[in-house]
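Accompanying notes for the structure given below.
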Amino acid sequence: MITIGLTTWKEHPALIGGEDRPVTLSEYAGHFPVVELDTPFYGIPRQSTVTNWQAAVPDGFQYILKANQVMTQHDQRSEPATDAERATAFSQFREAIHPLVDHDQLRTVLFQFPPYFNRTTANIQYLRDVRVQMGDLPVAVEFRSPSWFEEPGMTADVTAYLQSLRMTNVTTDEPHNLNNGIPLVETVTTPDLAVVRLHGRNEQGWFNQGASWRKTRTLYKYSEEELQALADLVRRLATQAKDVCVIFNNNSGKDAAPNALRLQAILGLHWDNLAPQQLDLF
């Protein structure tokens, strides 16, 4: 199976004919069978909120949820959490997402680590701690530090380690240099799932962290040639994993939905578990 989705559901006017209003979750679910949500990164949602998400979509619709920033150590450079506080965050997160787990709607929990989460002995051990805290829940890992893949042979070692932890290594398309970002490492570390996250290739916006950085870093529209190449990549991954989930995050210019719909067409995909699309009344 190959599924395609976007980051969040609100900011994709192409899905509602270009209307200048937020897209509803139900409208989004009429086009794509999976969505990635970053709201848990900023604050762990109430379980009632998660239940409301679940009620708005058809059975079989899938969620990728970002792990909370305390769980991914984004707090390390400001006010580091204590071990007890970190354990509490994991516990609260597991409790919040319980409705999705119960109804088999949690595709994976995305641990997107910061650029300063380098390949150190402590961080290698932390990955094992994450697995212990998450139990049997699906976990996907996205590194931002090139240290995880910079040395010859390192990719194989990191891949083997993630395999042993039953963690999905995210195949990431993003700008990268010697100090930030990672190259597109085409790996499958869990047989049930491969995840591809597409952030675009806007190097100037990605690396220049000025006042408008959050608005410009994903300002990118994939070309037809690039989408054809990405389709080939997805097909290769699909020979190794039961499910390949592709997430478009290149949305600063509202390009994620059009690019995703075009990739769907290139791959000839049709999903049966979509919500009914509202028809115009004549």
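Below, each value reflects all heavy atoms present in this structure, side chains not excepted, and no hydrogens, waters or symmetry copies. It should be emphasised that the depicted structure is a prediction, and the values quoted were computed from it without experimental measurement. Note that the numbering runs from 1 along the sequence shown for the chain.
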What distance do Leu227 atom CG and Tyr222 atom OH have between them, rounded to the nearest 0.5 Å? 8.5 Å
Quick one: which residue pairs count as a side-chain hydrogen bond (donor to acceptor under 3.5 Å, both in side chains) with a foot in residues 155-167, not counting sequence neighbours? none
Are any side-chain N or O atoms of Arg94 and backbone N or O atoms of Ala89, one a donor and one an acceptor, separated by less than 3.5 Å? no
Checking Asp173 against Phe248 for the side chain to side chain contact (heavy atoms under 4.5 Å, CB included) test, could you report, in this order, the C-alpha distance in whole Å, the side-chain angles of both residues, the deciding distance, and whether it holds? CA-CA 10 Å; Asp173 188 49; Phe248 281 83; over 6 Å; no
Other than Val132, which residues form its hydrophobic cluster under the rule that side-chain heavy atoms must be closer than 4.5 Å? none
At what distance, to the nearest 0.5 angstrom, does OG1 of Thr7 lie from CG of Asn249? 4.0 Å
Transitively linked via ILVMFWY side-chain contacts under 4.5 Å: Leu267 with Leu274? yes
Set of salt bridge (Lys or Arg N to Asp or Glu O under 4.0 Å) partners for Glu226, sequence neighbours left out: Arg201
Restricting to salt bridge (Lys or Arg N to Asp or Glu O under 4.0 Å), what partner residues turn up for Lys10, sequence neighbours left out? none
For Leu193 and Cys245, which heavy atoms make the closest approach, and how far apart are they? CD1-CB, 4.1 Å
Do Phe113 and Ser145 come within less than 4.5 Å of each other through their side chains, counting heavy atoms only? no
For Asn251 and Thr218, which I'm curious about, is there any donor-acceptor pair between the side chains at under 3.5 Å? no
How far apart are the closest heavy atoms of Phe143 and Val158, and which atoms are they? CE1-CG1, 4.1 Å
Among all residues two or more places apart in sequence or in another chain, which pass the salt bridge (Lys or Arg N to Asp or Glu O under 4.0 Å) test with Glu19? Arg21
Does this structure show an ion pair linking Arg197 with Glu174, if we count only N-O contacts that are shorter than 4.0 Å? no
How many angstroms lie between atom CE of Met154 and atom OG of Ser147, to the nearest 0.5 angstrom? 8.5 Å
From the list Leu127, Thr168, Thr72, side-chain contact (heavy atoms from CB on, under 4.5 Å) with Phe111 holds only for Thr72
When rounded to the nearest 0.5 Å, the distance separating CD1 of Ile266 from CG of Asn259 is 9.0 Å
Are the side chain of Trp53 and the backbone N or O of Ser48 linked by a donor-acceptor pair below 3.5 Å? no
Is any side-chain heavy atom of Thr3 less than 4.5 Å from a side-chain heavy atom of Gln62? no
Just wondering, are more than 12 heavy atoms of other shown residues or ligands nearer than 6.0 Å to CD in Gln54? yes
What residue pairs, at least two apart or across chains, pass salt bridge (charged side-chain N to carboxylate O under 4.0 Å, His left out) with a residue in residues 231-241? Glu186-Arg236, Asp232-Arg235
Can you tell if the side chain of Val196 reaches within under 4.5 Å of the side chain of Val170, non-hydrogen atoms only? no
Consider only side-chain heavy atoms of I, L, V, M, F, W and Y, link residues closer than 4.5 Å, and tell whether Val246 and Val109 are in one cluster. yes
Above 12 or not: heavy atoms from other molecules or residues under 6.0 Å from NZ of Lys254? yes
Could you pull out all residues at least two apart from Asp255 that satisfy side chain to side chain donor-acceptor pair (under 3.5 Å)? none
So, Tyr220 side chain and Gly205 main chain: donor-acceptor pair closer than 3.5 Å or not? no
Would a 4.5 Å heavy-atom cut-off, applied to side chains only, mark Trp271 and Ile4 as touching? yes
Looking only at non-hydrogen atoms, find the nearest pair between Pro45 and Val50 and report the distance. CG-CG2, 3.9 Å
Tell me every residue that passes side chain to side chain contact (heavy atoms under 4.5 Å, CB included) with Asn123, counting only those two or more places apart in sequence or in another chain. Gln73, Phe117, Thr120, Trp148
Looking at side-chain heavy atoms only, is the closest gap between Val35 and Thr8 below 4.5 Å? no
For Thr24 and Ser26, which I'm curious about, is there any donor-acceptor pair between the side chains at under 3.5 Å? no
Is it true that Glu142 and His199 share a donor-acceptor pair across their side chains at a distance under 3.5 Å? yes
Taking only residues at least two apart or on different chains, which pairs with a member in residues 124-136 satisfy salt bridge (charged side-chain N to carboxylate O under 4.0 Å, His left out)? none
Counting only N and O atoms by type, is there a donor-acceptor contact under 3.5 Å from the side chain of Thr51 to the main-chain atoms of Gln47? yes
Which residue pairs pass the salt bridge (charged side-chain N to carboxylate O under 4.0 Å, His left out) test with at least one member in residues 259-272, sequence neighbours excluded? Glu224-Arg262
Got a sec: does the CD of Glu225 have more than 12 other heavy atoms crowding it under 6.0 Å? no
For the CZ atom of Phe61 and the CD atom of Gln105, what is their distance to the nearest 0.5 Å? 8.5 Å
Determine whether Lys242 and Asp192 satisfy the following criterion, salt bridge (charged side-chain N to carboxylate O under 4.0 Å, His left out), listing intermediate values before the conclusion. CA-CA 5 Å; Lys242 292 180 181 178; Asp192 289 338; 3.5 Å; yes
May I ask you to test the Asn273-Asp59 pair for a side-chain heavy-atom distance under 4.5 Å? no
Could you name each residue pair satisfying salt bridge (charged side-chain N to carboxylate O under 4.0 Å, His left out) that touches residues 81-91, not counting sequence neighbours? Asp75-Arg86
Side-chain contact, heavy-atom cut-off 4.5 Å: Ile182 with Arg144? no
What's the spacing between Leu100 CG and His98 NE2 if we round to 0.5 Å? 10.5 Å
Between Val70 and Ile44, is any pair of side-chain heavy atoms under 4.5 Å apart? no
Each residue besides Tyr42 in its hydrophobic cluster should be listed here, by chain and number; the cluster joins Ile, Leu, Val, Met, Phe, Trp and Tyr at side-chain heavy-atom distances under 4.5 Å. Phe41
Cluster link Val34 to Leu15, ILVMFWY, side chain under 4.5 Å: no
With a 4.5 Å cut-off on side-chain heavy-atom distances among I, L, V, M, F, W and Y, is there a chain of contacts connecting Ile124 to Tyr126? yes
When hydrophobic residues are tied together by side-chain contacts of less than 4.5 Å, even through go-betweens, does Leu237 share a cluster with Val141? yes
